[in-house]
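Residue numbers begin at 1 in each chain, while the letters A, B, ... track the order of the sequences.
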2 protein chains.
Amino acid sequence: MKLSTRSRYGLKAVIDLAIAYGTGPVSLPVLAASQGISEGYLEQLLRELKKGSVVDTVRGAQGGYELTCDPAELNVQRVLNLLEGSTAIVDCVGTEHHNCTSACSCSARPLFLKLQTRINDVLVRTTIRELADDYVQQKSRGNPCKNVCE
Amino acid sequence: MKLSTRSRYGLKAVIDLAIAYGTGPVSLPVLAASQGISEGYLEQLLRELKKGSVVDTVRGAQGGYELTCDPAELNVQRVLNLLEGSTAIVDCVGTEHHNCTSACSCSARPLFLKLQTRINDVLVRTTIRELADDYVQQKSRGNPCKNVCE
DNA sequence: CTTAAACCCTAGTAAATTAGTTGCCTTACG
DNA sequence: CGTAAGGCAACTAATTTACTAGGGTTTAAG
């Protein structure tokens, strides 16, 4: 049930980009330093996000990464789907239903479906803008925020 | 975000035991055959469930496994916690909060907390009895149920 | 009392996933 | 042209997952 660090790092980088939205690209070294992780690793995650058209890049000096759309229009599910591959808790309730029919299959399926529905609900409804705004607000109140996990 | 096969197999075995609740122990070969998996592997999972007092065993010939309590009193969270170790999607929102304070920590924390709340809600509210009853009912309607994942 | 069915336990292992690192190439601003 | 930046591929170490193997112990039944 754990979310991978890919997802955690990638999501936080997207939130960083949302905070900087409209102010030009943010470079990899800056994004990596924000979370205290290596540039090489974060780069891979950002490349996935670029493939999925969530971020765009500006090459050359003064370049960096930026969101392709307004953070208010970007939900968490889209981001996590790119980073995680899929946000399905079990394959048989993902977008590809495989061999499990909805009529009836294994005894745990009703649980999996309910869980997946609730999870998707949160992921779809939560926008990157909300998370970015919350974080900026907390910091402005002088709360001891760190974006680094220990 | 995936649920491990441990969890899937273990949970389904518990549902099998719920269906047989009150009719004496069910043997490992029977439980394993129900899902088409090896006895050795399922045995490990059942041992975890025994450690957690969810199932009890009867040794010797005609022995097997049985639930320690009424399936109506047993929720899915308790079962998955034993099988999965923890049902937390990230460590910092588990029962052990580690170094992340609730005041403010990383930018993604509000999302993690919301997600975890919704997940726990489903896991706590769903009883094994519900799942067992649903399954028995589906089968009695002649639906093509299989407890085996393909 | 012997046998066989059943649980008990430890250890090992192959495959997959995760979490990175390394190194070199391309682009573009000044 | 030099340097700062992203692009890309390959490799690797550690961990987790999903098992398998094999021997030990208990107990009901014949």
Checklist line | Under 3.5 Å donor-acceptor pair, Arg6(B) side-chain atoms to dT17(D) base atoms | finding: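 Absent.
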
Rounded to whole Å, please give me the gap between [atom1] in [X] and [atom2] in [N].
X: Ile37(B); N: dT20(D); atom1: CD1; atom2: P; answer: 9 Å
X: Gln44(B); N: dT20(D); atom1: CD; atom2: C1'; answer: 9 Å
X: Leu83(A); N: dT18(C); atom1: CG; atom2: C1'; answer: 14 Å
X: Gln35(A); N: dG20(C); atom1: CD; atom2: C1'; answer: 15 Å
X: Leu46(B); N: dC7(C); atom1: CG; atom2: P; answer: 9 Å

[options]: which one has an atom nearest the side-chain heavy atoms of [X]?
X: Arg59(A); options: dC29(C), dT27(C), dC8(C); value: dT27(C)
X: Glu43(A); options: dA5(C), dG6(D), dG7(D); value: dG7(D)
X: Leu28(B); options: dC8(C), dC7(C), dA19(C); value: dC7(C)
X: Tyr41(B); options: dC19(D), dA9(D), dA5(D); value: dC19(D)

Check: Which comes earlier along DNA chain D counting from the 5' end, the contact point of Gly40(B) or that of Gln62(B), where each point is its nearest nucleotide?
Finding: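 The 5'-side residue here is Gly40(B).
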
Would you classify [X] as touching base, sugar-phosphate or nothing, given that sugar-phosphate means primed atoms plus P, OP1 and OP2, and contacts are heavy atoms under 4.0 Å?
X: Lys50(B); result: sugar-phosphate
X: Val26(B); result: sugar-phosphate
X: Pro29(A); result: sugar-phosphate

Would you say [X] places a side-chain N or O within less than 4.0 Å of OP1 or OP2 belonging to [N]?
X: Thr57(B); N: dC8(C); answer: yes
X: Tyr9(A); N: dG20(C); answer: yes
X: Ser38(A); N: dT21(C); answer: yes
X: Tyr65(A); N: dG7(D); answer: yes

Checklist line | Electrostatic pair Asp16(A)-Lys12(A), nearest N-O below 4.0 angstrom | finding: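 A salt bridge is absent here (no side-chain N lies under 4.0 Å from a carboxylate O).
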
Margin query: Could you check whether any side-chain N or O of Arg109(A) sits under 3.5 Å from a backbone N or O of Cys92(A), counting only pairs where one atom can act as donor and the other as acceptor?
Written below: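 Yes: the side chain of Arg109(A) pairs with the backbone of Cys92(A).
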
Check: Do we see a donor-acceptor contact under 3.5 Å between the side chains of Asp56(A) and Thr68(A)?
Finding: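 Result is no, nothing qualifies.
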
Checklist line | Under 3.5 Å side-chain donor-acceptor pair for Thr127(A) and Glu73(A) | finding: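 Absent: no donor and acceptor within the cut-off.
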
Next item on the list: Indicate the atoms forming the closest heavy-atom contact of Asn81(A) with Ser86(A), along with that distance.
Entry: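 Residues Asn81(A) and Ser86(A), closest heavy atoms: OD1-CA, 3.3 Å.
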
